[in-house]
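Keep in mind that this is a model prediction, so the values were computed, not measured.
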Amino acid sequence: QVQLVESGGGLVQAGGSLRLSCAASGRTYGRYAMGWLRQAPGKEREFVGRISGSTGTTLYADSVKGRFTVSRDNAKNTVYLQMNSLKSEDTGVYYCVADSPVSWNLLQWTYWGQGTQVKVSS
């Protein structure tokens with residue numbers, strides 16, 4: 001069982017940066033793939049990025065590639081989402097997710113955080 005708690009959301013101007021954190025509980029945290037999904041108002045939930053538990057391999061949605069970075073600190077049981085060059089379309093609720101093994105379906109995850117709001121003003 002894994003519990004996830006996100007933090008770091010808020011209001012930022014377009015072009016700015018924000019870093020989200022997700023603290024995970026559980027002794028086997030290191031073997032879980034971790035990821036981030038988001039949901040904008042009136043839109044479907046979408047995949048943002050993920051990082052594997054073993055090799056630290058990352059995967060990103062095309063919409064955030066080159067601007068967002070997912071990283072993890074296994075010693076702190078924490079995964080991060082560094083968001084740079086933010087755009088108004090990045091506005092939404094960001095969810096931290098975890099799973100082991102990871103699904104081929106980028107939207108299918110077993111464990112979810114409660115979500116943190118990110119608002120980018122233009």
Requested in this report: Determine, step by step, whether Ser121 and Val12 satisfy the side-chain contact (heavy atoms from CB on, under 4.5 Å) criterion, reporting the C-alpha distance in whole Å, the side-chain angles of both residues, the deciding distance to 0.1 Å, and the verdict.
Outcome: CA-CA 6 Å; Ser121 63; Val12 63; over 6 Å; no
Report task. List the steps, then state whether side-chain hydrogen bond (donor to acceptor under 3.5 Å, both in side chains) holds for Thr110 with Asp99. Result -> CA-CA 5 Å; Thr110 299; Asp99 213 339; 3.0 Å; yes
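With contacts defined as side-chain heavy-atom distances shorter than 4.5 Å, the pair Gln82/Ser71 does not qualify. Proximity of Thr91 to Gln117: side-chain heavy atoms (C-beta onward) are separated by under 4.5 Å at one or more points. Side-chain contact between Thr69 and Thr58 is absent, with no heavy-atom pair separated by less than 4.5 Å. Counting only heavy atoms from C-beta outward, the side chains of Trp36 and Leu20 approach each other to under 4.5 Å. Annotation: side chain of Leu86 is in contact with side chain of Leu18 (closest heavy-atom distance under 4.5 Å). At a threshold of 4.5 Å between non-hydrogen side-chain atoms, the residues Glu46 and Gln39 do not count as touching. Asp90 has its side chain out of reach of Val118: every pair of non-hydrogen atoms, C-beta onward, lies at least 4.5 Å apart. When side chains are defined from C-beta on, Asn84 does not count as touching Phe68, because their heavy atoms never get closer than 4.5 Å.
Listed by chain and number, the residues in a ring pair (Phe, Tyr, Trp, His ring centres under 6.0 Å) with Tyr111 are Tyr32 (sequence neighbours excluded). For Gln3, there are no side-chain hydrogen bond (donor to acceptor under 3.5 Å, both in side chains) partners, not counting sequence neighbours.
Taking hydrophobic clusters as Ile, Leu, Val, Met, Phe, Trp and Tyr residues chained together by side-chain heavy-atom distances below 4.5 Å, Val97 does not share a cluster with Met34. Both Trp109 and Leu107 sit in one connected hydrophobic cluster of ILVMFWY residues. Membership requires side-chain heavy atoms under 4.5 Å apart, directly or through other members. Note: the hydrophobic cluster containing Val79 does not contain Leu37 (ILVMFWY, side chain heavy atoms under 4.5 Å, direct or indirect links). Using a 4.5 Å cut-off between side-chain heavy atoms of Ile, Leu, Val, Met, Phe, Trp and Tyr, with links allowed through other members, Val70 and Met83 fall into the same hydrophobic cluster. Each of Val93 and Val48 belongs to its own hydrophobic cluster when Ile, Leu, Val, Met, Phe, Trp and Tyr are linked at side-chain heavy-atom distances under 4.5 angstrom.
Ile51 CD1 to Tyr80 OH: the interatomic distance, rounded to the nearest 0.5 Å, is 11.5 Å. Atom OG of Ser100 is separated from atom CZ of Arg31 by 4.5 Å, given to the nearest 0.5 angstrom.
Judged purely by distance below 3.5 Å, without hydrogens or angles, the side chains of Tyr94 and Arg38 pair a donor atom with an acceptor atom. Inspection of the Thr55 and Ser52 side chains reveals an N or O donor paired with an N or O acceptor under 3.5 Å. Residues Ser85 and Arg67 bring no donor and acceptor atom of their side chains to less than 3.5 Å of each other.
Put simply, the side chain of Thr78 gets close to the backbone of Lys76: a donor and an acceptor are under 3.5 Å apart. Here the side chain of Glu6 pairs a donor or acceptor atom with the backbone of Cys96 at under 3.5 angstrom.
Both tests pass for Arg45 against the ring of Tyr95: distance under 6.0 Å to the centre and angle within 45° of the axis.
Scanning both residues, Leu4 and Ala98, for their nearest heavy atoms gives CD1-N, 3.8 Å. Closest heavy-atom contact between Ser122 and Ala14: CA-CB, 4.2 Å. For the pair Arg50 and Leu106, the tightest heavy-atom approach, listed with the atom from each and the gap, is NH1-CD2, 3.3 Å. Closest non-hydrogen pair, Ala33 versus Val102, comes out as CB-CB, 3.9 Å. Shortest non-hydrogen contact noted between Arg72 and Gly53 is NH1-CA, 3.2 Å.
A salt bridge links Lys65 and Asp62; the closest N-O separation between the charged side-chain nitrogens and carboxylate oxygens is under 4.0 Å.
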